[in-house]
Amino acid sequence: MKVAVLAATGSTGSLVVGKLLSNGHHVVAVSRSPTAQRHPATHFSAFRGDLSDIAFLRQALSGCEAVISCLGQSRATKSLFATRTSPPDILRRVAAATIAAIGNGSQHFVYMSAFGVGDDLRRHALFFRIMLWLSTIHDAYLDHAEAEALIRHSGVQWTIVRPPGLNDKDEEVPLIGKSDGWSSFENTSKRSAAAFLVQCVEQKGPVGATITIGEPVMP
């Protein structure tokens with residue numbers, strides 16, 4: 001399968017690229033930053049450009065059966081209170097451009113959002129909501145919500161995945177849908193989230209579903 005990965009040079013996007021390649025897929029890495037050519041050329045190609053440019057994306061997505069977006073808002077540091085360095089609507093703009101680039105095509109659009117976005121925000125613990133309002137993550141949540149709305153009302157085949165907080169642990173844990181049983185303070189590894197995104201592509205769905213994911217609760 002030929003799969004395009006948006007934000008392929010990011011911390012999660014690069015793991016998605018690696019997982020796809022290890023599973024035998026052809027990867028088209030799409031990013032704003034240079035991509036190191038460390039993968040077999042027969043299964044890997046790269047496009048560098050503006051992810052909100054419809055013409056650029058149309059060229060990059062040509063021939064792909066699926067698109068995985070791992071894009072997030074950028075901050076100056078990893079601190080929740082660090083200055084945002086990306087436009088406040090970058091997620092919405094890239095989602096809109098991706099939808100337009102797919103057009104009437106059959107590509108499956110898998111979008112990585114965040115847990116508790118949109119209507120689910122009120123389900124977060126009060127302390128988490130306060131921290132959200134005080135930090136720059138609040139901007140990202142609003143942007144994700146607008147991007148999700150565009151995707152849901154589009155005519156493309158889509159799946160929205162909402163992972164919990166992501167850490168850098170070098171482990172891959174099978175994740176499950178937890179739309180009715182997640183906690184504000186859950187977290188999982190980026191590698192685990194990447195594997196779930198690849199799984200959605202390989203299983204071609206669930207199409208038209210928004211899934212909050214997390215690690216299963218051990219008995």
Write down the atom of Val207, the atom of Lys204, and the distance for their closest heavy-atom approach.
-> CG2-O, 3.5 Å

Would you mind reporting whether Val27 and His43 have side-chain heavy atoms less than 4.5 Å apart?
-> no

Residue pair Ala95 / Ala147: nearest heavy atoms and the distance that separates them = CB-CB, 3.9 Å

So do the side chains of Thr98 and Ser69 get within less than 4.5 Å of each other, counting heavy atoms only?
-> no

Trp182-Phe115 aromatic ring centre distance below 6.0 Å | yes

Mind checking whether Tyr141 and Leu132 have side chains closer than 4.5 Å, heavy atoms only?
-> yes

List the atom of Phe56, the atom of Val30, and the distance in Å for their closest heavy-atom pair.
-> CE2-CG1, 3.7 Å

Beyond-backbone contact of Val156 with Gln107, side-chain heavy atoms, under 4.5 angstrom | no

Would Phe127 end up clustered with Leu134 when hydrophobic side chains under 4.5 Å apart are linked, directly or stepwise?
-> yes

Positive for side-chain contact (heavy atoms from CB on, under 4.5 Å) with Val5, one of Leu71, Leu15, Thr12, Leu20 = Leu20

About how many Å separate CD1 of Ile90 and CD of Gln73, when rounded to the nearest 0.5 Å?
-> 8.5 Å

Backbone N/O of Lys19 and side chain of Ser22: donor-acceptor pair under 3.5 Å = yes

To the nearest 0.5 Å, how far apart are CE in Met112 and NZ in Lys190?
-> 9.0 Å

Does Arg75 reach the side chain of Thr83, with side-chain heavy atoms less than 4.5 Å apart?
-> no

Decide yes or no on side chain to side chain contact (heavy atoms under 4.5 Å, CB included) for Thr188 and Leu166, but give the supporting numbers first.
-> CA-CA 5 Å; Thr188 192; Leu166 298 177; 3.8 Å; yes

Side chains of Ser113 and Glu148: is there a donor and an acceptor less than 3.5 Å apart?
-> yes

Point-to-point distance, once rounded to the nearest 0.5 Å, from CZ of Arg191 to CG of Asp170 | 4.5 Å

Any side-chain donor near an acceptor of the partner, Thr212 and Lys178, under 3.5 Å = no

For Tyr111 and His144, work out which heavy atoms get closest and say how close.
-> OH-ND1, 2.8 Å

Atom of Lys2, atom of Gly63 and distance for their closest heavy-atom approach | CD-O, 3.5 Å

Do Glu172 and Ser192 get their side chains close enough for a donor-acceptor pair, meaning under 3.5 Å?
-> no

Look at the side chain of Thr85 and the backbone N and O of Ser74, then say whether any donor-acceptor pair between them is shorter than 3.5 Å.
-> yes

Connected via hydrophobic side-chain network under 4.5 Å: Val173 and Val161 | no

Quick one: sort the His124 and Phe128 rings into parallel, tilted or perpendicular, breaks at 30° and 60°.
-> parallel

Begin with the C-alpha distance, continue with both residues' side-chain angles, and end with the deciding distance and a verdict on side chain to side chain contact (heavy atoms under 4.5 Å, CB included) for His26 and Phe44.
-> CA-CA 6 Å; His26 182 113; Phe44 178 84; 5.9 Å; no

Side-chain donor or acceptor of Arg32 paired with backbone N/O of Arg48 under 3.5 Å | no

Beyond-backbone contact of Leu6 with Cys70, side-chain heavy atoms, under 4.5 angstrom | no

Is there a donor-acceptor pair closer than 3.5 Å between any side-chain N or O of Ser52 and the backbone N or O of Arg93?
-> no

Taking atom CG of Leu175 and atom CZ of Phe196, what is their separation to the nearest 0.5 Å?
-> 7.0 Å

Could you tell me whether the side chains of His25 and Glu202 share a donor-acceptor contact shorter than 3.5 Å?
-> yes

CG/Asp89 to CZ/Arg92 distance, rounded to the nearest 0.5 angstrom?
-> 4.5 Å

Between CG on residue Leu91 and CG on residue Leu150, distance to nearest 0.5 Å | 11.0 Å

Would Asp120 and Arg162 pass as an ion pair if we require N to O under 4.0 Å?
-> yes

Is any side-chain heavy atom of Met1 less than 4.5 Å from a side-chain heavy atom of Val201?
-> yes

Quick check: does any side chain N or O of Thr136 sit under 3.5 Å from a backbone N or O of Ala82, one acting as donor and the other as acceptor?
-> yes

Check whether any side-chain heavy atom of Pro88 sits under 4.5 Å from a side-chain heavy atom of Asp143, and report yes or no.
-> no

Flag yes if Leu126 and Phe185 sit in one hydrophobic cluster, no otherwise; membership is Ile, Leu, Val, Met, Phe, Trp, Tyr, and two members link when side-chain heavy atoms are under 4.5 Å apart.
-> yes

How close do Leu51 and Leu57 get, heavy atom to heavy atom, and via which atoms?
-> O-CD1, 3.0 Å

Residue of the set Thr159, Val16, Ile213 for which side-chain contact (heavy atoms from CB on, under 4.5 Å) holds with Leu197 | Val16

